[in-house]
Amino acid sequence: MTDCIFCKIIAGTIPSTKLYEDDDVLAFMDIGPLVHGHALVIPKAHYNLLMDTPDDVLAKVIAVVRRIARAQQAGLGADGVNIHQANGSTAGQVVGHLHVHVVPRFADDGHHWNWTPRPYADASEAAALAERIRAALLP
Ligand code: AMP
Ligand code: ZN
């Protein structure tokens, strides 16, 4: 994709700080880190959403995600690692090339997830939603 910033990074026409590369996957430093050491892992083939991406490509991406997370622990002394991946602008996706955020976490890093639970009115509300999801599941 000629207008995709991450495809340009893969092609080398936009600079990046690379962490790992093979025939199918690239890992590089995020230019706007949530926590210092924040990395992105992308497939070299252009897919927009997780939902569009073939299983074999996802398997290669997630294996590199785990390697980067382990390296953040071993190399940076991260106490934990958050994995984040957005699909669609409503979900906060800005770059339309599948990417997994790998964010090293430290006890004093100052980052807090603004995760506000919104409880169901009652169990039947959750059950009705679960039924709709189950009915739409594809193999
Ligand atoms: P998202 O909001 O999930 O689409 O995240 C896009 C991420 O790409 C953000 O965290 C940006 O900081 C990052 N990003 C955008 N452009 C670049 C770039 N040229 N090099 C490295 N990271 C980038
Ligand atoms: Zn792309």
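One-based numbering, in listed order, for ligands and for the atoms of each. Since the structure is predicted, the reported quantities are computational estimates derived from the model, not experimental observations. Below, each value reflects all heavy atoms present in this structure, side chains not excepted, and no hydrogens, waters or symmetry copies.
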Worksheet item: How about Q93 and N48: does a side-chain donor come under 3.5 Å of a side-chain acceptor?
Response: yes
Practice prompt. State whether a side-chain donor-acceptor pair under 3.5 Å links Y120 with D122.
Written response: no
When you measure from the heavy atoms of [X] to every atom of ligand 1, does any distance fall below 4.0 Å?
X    : answer
H101 : yes
G92  : yes
L34  : no

Show which atoms of ligand 1 fall inside a sub-4.0 Å distance from at least one heavy-atom site of [X].
X   : answer
V95 : 4 (O), 6 (C)
Q93 : 4 (O)
G32 : 12 (O)
M29 : 21 (C)

So do the side chains of [X] and [Y] get within less than 4.5 Å of each other, counting heavy atoms only?
X    : Y    : answer
V102 : I83  : yes
V25  : I42  : no
H97  : I5   : no
L129 : E131 : no
L26  : Y20  : no

Among all protein heavy atoms in this structure, tell me which lies nearest to [atom], with the distance rounded to 0.1 Å.
atom                    : result
atom 11 (C) of ligand 1 : D30 OD1, 3.4 Å
atom 8 (O) of ligand 1  : F6 CZ, 3.5 Å
atom 23 (C) of ligand 1 : I31 CG2, 3.4 Å
atom 16 (N) of ligand 1 : I5 CD1, 3.9 Å
atom 19 (N) of ligand 1 : I9 CD1, 3.8 Å

Worksheet item: Which angle, to the nearest 10 degrees, do you find at the Zn ion (ligand 2) between ND1 in H46 and ND1 in H97?
Response: 100°
Worksheet item: What angle, to the nearest 10°, do the atoms SG (C4) and SG (C7) form about the Zn ion (ligand 2)?
Response: 120°
Worksheet item: For K44 and D24, what are the C-alpha separation, side-chain angles and deciding distance, and is it a salt bridge (charged side-chain N to carboxylate O under 4.0 Å, His left out)?
Response: CA-CA 5 Å; K44 287 192 171 176; D24 304 301; over 6 Å; no
Worksheet item: Any N/O of V94 closer than 3.5 Å to an N/O of ligand 1?
Response: yes
Worksheet entry | Contact (N/O only, under 3.5 Å) between P15 and ligand 1 | no
Discussion item. Can you tell me how the ring of F28 sits relative to the ring of F6, calling it parallel under 30°, perpendicular over 60° and tilted otherwise?
Written reply: perpendicular
Practice prompt. Could you tell me whether L40 approaches ligand 1 through its side chain, its backbone, both or neither, with non-hydrogen atoms closer than 4.0 Å?
Written response: side chain
Worksheet item: When you look for heavy atoms under 4.0 Å from ligand 1, do you find them on the side chain of H99, its backbone, both, or neither?
Response: side chain
Discussion item. Taking ring-ring contact (aromatic ring centres under 6.0 Å, His included) as the criterion, tell me which of H101, H84, H99 meets it with H38.
Written reply: H101
Discussion item. Run L98 and L58 through side chain to side chain contact (heavy atoms under 4.5 Å, CB included) and show every step you take.
Written reply: CA-CA 10 Å; L98 175 80; L58 289 177; 3.9 Å; yes
